[in-house]
Amino acid sequence: MPEQTLSVRFFARLREELGTVHLTMPAPAGQTAADLLATLASRGGPWGQLITGQPVMIAINQAMAKPQSPVKPGDEVAFFPPVTGG
């Protein structure tokens, strides 16, 4: 059985600070966006800012989501800093 994966994208400041635009990650059953953030943060270094730094916005399949939102195989999860206008 092929591994179940999801696509993770980073935008704006996160893309620059993490040095990547896109990752493919395993998608274990029952995982939430917060679980995914914790997994990424466990990489250490700049990845830790995902849970300890400034707030991070989440979109799943191009719709705004919350940390407790479930993620499943095939989803595209995007993380980006809050945007202000004026």
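The first residue in the sequence is number 1, and the count goes up from there. Just so it is clear, the values below take in all heavy atoms, side chains as well, and ignore hydrogens, waters and symmetry mates.
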Q) What pairs with Ala34 under side chain to side chain contact (heavy atoms under 4.5 Å, CB included), at least two apart in sequence or on another chain? A) Thr32, Pro67
Q) Between Gln49 and Gln54, is any side-chain donor less than 3.5 angstrom from a side-chain acceptor? A) no
Q: Kindly compute the distance separating CD (Gln31) from CE (Met25), expressed to the nearest 0.5 Å.
A: 7.0 Å
Q) Do you know the tightest heavy-atom contact between Leu6 and Ala27? A) CD2-CB, 3.6 Å
Q. Between atom CG of Leu18 and atom CG of Leu40, what is the distance when rounded to the nearest 0.5 Å?
A. 8.5 Å
Q: Would you please test Leu50 and Leu14 for side chain to side chain contact (heavy atoms under 4.5 Å, CB included) and show each step?
A: CA-CA 9 Å; Leu50 292 171; Leu14 293 176; 4.0 Å; yes
Q: Could you tell me the separation between the CD1 atom of Ile58 and the CD1 atom of Ile60, rounded to the nearest 0.5 Å?
A: 7.0 Å
Q: To the nearest 0.5 Å, tell me how far Leu36 CG sits from Ser69 OG.
A: 12.0 Å
**Q.** Arg9 side, atom CZ; Leu23 side, atom CG - distance, nearest 0.5 Å
**A.** 10.5 Å
Q: Return the minimal non-hydrogen interatomic distance between Arg13 and Pro81, and the atom names on each side.
A: NH2-CB, 3.5 Å
Q.
So, taking the atom named CD in Gln62 and the one named CG in Asp75, what distance separates them when rounded to the nearest 0.5 Å?
A. 11.5 Å
Q.
Which residues pass the salt bridge (Lys or Arg N to Asp or Glu O under 4.0 Å) test with Glu16, not counting sequence neighbours?
A. none
Q. Taking only residues at least two apart or on different chains, which pairs with a member in residues 4-26 satisfy ring-ring contact (aromatic ring centres under 6.0 Å, His included)?
A. Phe10-Trp47
